[in-house]
Every structure is written in structure tokens, then in C-alpha cells.
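Scope of the values below: all heavy atoms of this structure, side chains included, with no hydrogens, waters or symmetry mates.
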Amino acid sequence: MAPFRFGIMGAARIAEKFCSAVKNIEGAEVAAVSSKDAGRAKAFAEKNGVARYYGSYDEMLARSDIDAVYIATTHNFHYENLLACISHGKPALCEKSMVMTAEQAKTVFSLAENHDVFIMEAMWSRFLPSIQKAKQWVSEGRIGNVNLASAAIGHAAEYDPKGRMFSPELGGGALYDLGVYAIELTSYLVGEPVLSVSSKLLFAETGVDKADTITLVFDGCIASLQCSISSRMGERACLYGSKGYIEIPDFHFGGECRLFDENGNQVEAYGEKPENGFTYQIEEVIRCVRSGKLESDVVPHRDTILCAEIFDRCLSNR
């Protein structure tokens, strides 16, 4: 079988982690990288062993031998990058947050379906073994009916009004960068429809959100989520049920998950932090594209749309 060849849009640091993960997958390779800055693309290619580089996204997308594209640009460019991939018929794995509004999400997926193009948000944490095990425990009823959930994620980013974290022009803010993990991992593990959303946000001088608390009401469960780009937080997720609870320390990096009974006794533990957690989502892209699927069962279109709708509701709360 011919190797599965990826192209990269955006010579960002996170794309180096992607390259490293691809090298661990037999029969896959990064064939090209593109950037609006040809010099940056060249430096990235030389550093990461990528054969070809381009100073134009369209030039790379025009290659017939690119099987899928990884989008590693800043949030504000994702929408136009995705439209470019779809117009060239290229399947795409787009970094989270995939888009900035629900309208953008719906447009992207509608166009992708009309053109038979696979699109997936790079919510890599959903694929990690510990998250999959926690999902299994919930599905098997190991903690009974889930009625409460919590997730917190945050770090103290250096304040730079022109940097990626705090610039509104670059799609900065706690929700887009970190809140997406709390929302999409919690909704995945709870596995119920979201009935209502409420939130309180603190805003930086640039106008982006810097610290947020969000309450999601599911059918039978309430989740309390927190995210911040102004404070280091102990990153931890918990699901509480009628028969026990699940604890996932360092949840978005996929460390160990722990199962407790109704008396608070630990009865099982599973997993360890993987060397490069991107591997699992890349394997999913390869499987889906080769089988002709237009979306992933683990990160379906509806979940990305739901998260974007929650963004819209939270960010309107000023």
C-alpha cells in the first residue's frame, strides 16, 4: 500500500509535534509543509525532515499526492484554511478550536459534505487511552448514573497584546485555547445532550476572555467547567455518579484515570501519559479517509458545532 501523505498548513511549533507523531506511524509521512512565509516553511522542513516546502498554501494543496492536510495556523485563519482544503478536495485535520463561531462550523461541514471531503477537529485528547477507558467505564455503568461533572484547565500565559493568547485578531482567549478541552472532553464523557449553558467571564485589556466559569446542564447531569490563561490551575476532570466516581488528573494530556466506588475507595486505575498523544488522532484520520468516511465517530461534526455554539453563548455574555 502506498504511504499516506500529509501536507501541513502553517509552520507552527505544534506542527513539529504532529511531524514527530507521524514518524511513529508505519506507512505515513509528512510530504510537504506550507506557510505564507516561504523562509519559515523552509526552516521548518529542514528541521523536521520534510521533503518539500511552499510559500503558498494553494501551491501545496494543488499537489495530487497529498492525501490529507493538517492545519496548524492560528484560530483566526482556520475557517479560510478549511475552505481552501475543501475547494481542493483535500481531507483536513484542523487544530482546535476548529472555528470561532457556530455559523462557521455549520458552513464548513455543509460544504465538506457536499464535496465529499473528510473534516475533523483535532480534539486529540478524546482518543487517548485513559479517556477511552473512562468513556468505557461510564458506558458500562461502573459509576451508575452520572449526575455531576467538573473540569478545570489553565495556565498563566505571558501577557502580550499582540501574541496568540491575548490578541483578538489572532483568535486569542481562554475559551478558544483551553476551554475547548473542558467542553469537548466533558460532553464526550457525559454523552448526553446539552440542555442549557450559563457562564461568567473575565476579560483582558485586549478584549479577549482570560478566565471563565461555565455551567453546562445535560439531561440528568450538571457540569462545572473552568478555564484560564491568566492563572495556573490544577488540571483535573471528574465524573460523579450514583455508584462512584472517575478522576482524571492532567486530563487533556491523557494521564492516568482512576475509578472509585461509592465509598470513595479506589478500585481501578488505568493508563499513563503517552509519549506523543497526537498519534491516535492521526491514525483515526488515516482510517476514516481510506474507508471513505466524511467524519469521525469520536469527533463527529455535531460535537464541534455544539462546542462552537457554547463559545457563541459564553462570549455574548459580557
Side-chain angles (χ1 to χ4, degrees), residues 1-100 104 107-109 111-112 114-124 162-164 167 169-172 176-177 276 278-279 281-286 288-290 294:
M1 183 180 293
F4 192 97
R5 297 162 68 87
F6 283 97
I8 295 176
M9 297 176 74
R13 185 172 60 181
I14 197 168
E16 295 187 7
K17 184 174 181 178
F18 179 86
C19 282
S20 178
V22 171
K23 291 175 183 177
N24 293 329
I25 300 172
E26 185 177 354
E29 63 181 65
V30 175
V33 60
S34 57
S35 171
K36 292 181 178 179
D37 182 337
R40 188 173 182 183
K42 179 182 179 181
F44 182 97
E46 292 174 347
K47 180 178 180 181
N48 294 280
V50 178
R52 298 293 298 275
Y53 66 89
Y54 300 91
S56 162
Y57 296 144
D58 285 333
E59 190 176 1
M60 185 191 74
L61 292 173
R63 286 182 53 168
S64 61
D65 62 343
I66 296 296
D67 297 302
V69 174
Y70 172 62
I71 298 174
T73 56
T74 50
H75 301 139
N76 57 305
F77 290 120
H78 288 177
Y79 180 63
E80 65 181 75
N81 296 155
L82 285 161
L83 295 185
C85 287
I86 294 169
S87 70
H88 284 84
K90 298 297 186 187
L93 172 67
C94 183
E95 260 310 318
K96 55 80 204 162
S97 296
M98 196 189 87
V99 288
M100 299 180 67
Q104 289 181 345
T107 298
V108 165
F109 292 134
L111 287 172
N114 289 338
H115 289 79
D116 294 326
V117 177
F118 172 87
I119 301 291
M120 188 181 98
E121 182 177 24
M123 183 42 60
W124 62 285
K162 296 183 179 180
R164 181 181 70 83
S167 168
E169 290 78 17
L170 297 178
Y176 291 136
D177 196 69
N276 189 326
F278 278 21
T279 303
Q281 67 172 353
I282 296 168
E283 291 173 335
E284 172 80 347
V285 172
I286 295 170
C288 288
V289 171
R290 283 184 166 163
L294 299 184

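Atoms CG and CD, on Asn76 and Glu169 in that order, are 8.5 Å from each other to the nearest 0.5 Å. Expressed to the nearest 0.5 Å, how far CH2 of Trp124 lies from CG of Asn276 amounts to 8.0 Å. The distance from the CG atom of Leu170 to the CG atom of Asp177 is 11.5 Å, given to the nearest 0.5 Å. Atom-to-atom distance recorded for Lys42:NZ and Ser35:OG is 14.0 Å, nearest 0.5 angstrom. The CZ atom of Phe109 sits 9.0 Å away from the CD1 atom of Ile86 when rounded to the nearest 0.5 Å. Atom CG in Asn81 sits 5.5 Å away from atom OH in Tyr57 (nearest 0.5 Å).
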| said: One pair to check against side-chain contact (heavy atoms from CB on, under 4.5 Å): Lys36 and Thr73. What are the steps and the verdict? | reply: CA-CA 10 Å; Lys36 292 181 178 179; Thr73 56; over 6 Å; no

(message) Would Arg290 and Asp67 count as a salt bridge (charged side-chain N to carboxylate O under 4.0 Å, His left out) here? Give the steps.
(response) CA-CA 9 Å; Arg290 283 184 166 163; Asp67 297 302; 6.0 Å; no

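Counting non-hydrogen atoms of neighbouring residues, nucleotides and ligands closer than 6.0 angstrom, the CZ atom of Phe4 exceeds 12 such neighbours. In Lys23, the NZ atom is crowded: over 12 heavy atoms of neighbouring residues, nucleotides or ligands sit closer than 6.0 Å.
Distance alone, capped at 3.5 Å, is enough to place a donor-acceptor pair between the Lys90 side chain and the Arg63 backbone. Here the side chain of Ser97 pairs a donor or acceptor atom with the backbone of Tyr176 at under 3.5 angstrom.
Annotation: side chain of Val108 is in contact with side chain of Met98 (closest heavy-atom distance under 4.5 Å). Taking the side chain as every heavy atom from C-beta outward, Ser167 and Thr74 never approach each other to under 4.5 Å. Two residues are said to be in side-chain contact when any heavy atoms from C-beta on lie closer than 4.5 Å; Leu93 and Glu284 fail this criterion. For the pair Tyr70/Val22, no side-chain contact is recorded, criterion being any heavy-atom separation below 4.5 Å from C-beta on. Side chains of Ile282 and Ile25 form a contact here, defined as non-hydrogen atoms less than 4.5 Å apart. At a threshold of 4.5 Å between non-hydrogen side-chain atoms, the residues Met60 and Arg52 do not count as touching. At a threshold of 4.5 Å between non-hydrogen side-chain atoms, the residues Asp58 and His88 count as touching.
Here the closest non-hydrogen pair linking Cys85 and Ile71 is SG-CD1, 4.1 Å. Closest approach of Arg5 to Ala31, counting heavy atoms only: NH2-CB, 3.6 Å. Shown here for Val285 and Ala68, the closest heavy-atom pair between the two residues is CG1-CB, 4.3 Å. Closest non-hydrogen pair, Ile66 versus Gly7, comes out as CG2-N, 3.7 Å. Smallest separation of non-hydrogen atoms from Ala11 and Phe44: CB-CB, 3.8 Å. The two atoms that bring Lys96 and His75 nearest to each other are O-NE2, 3.3 Å, heavy atoms only.
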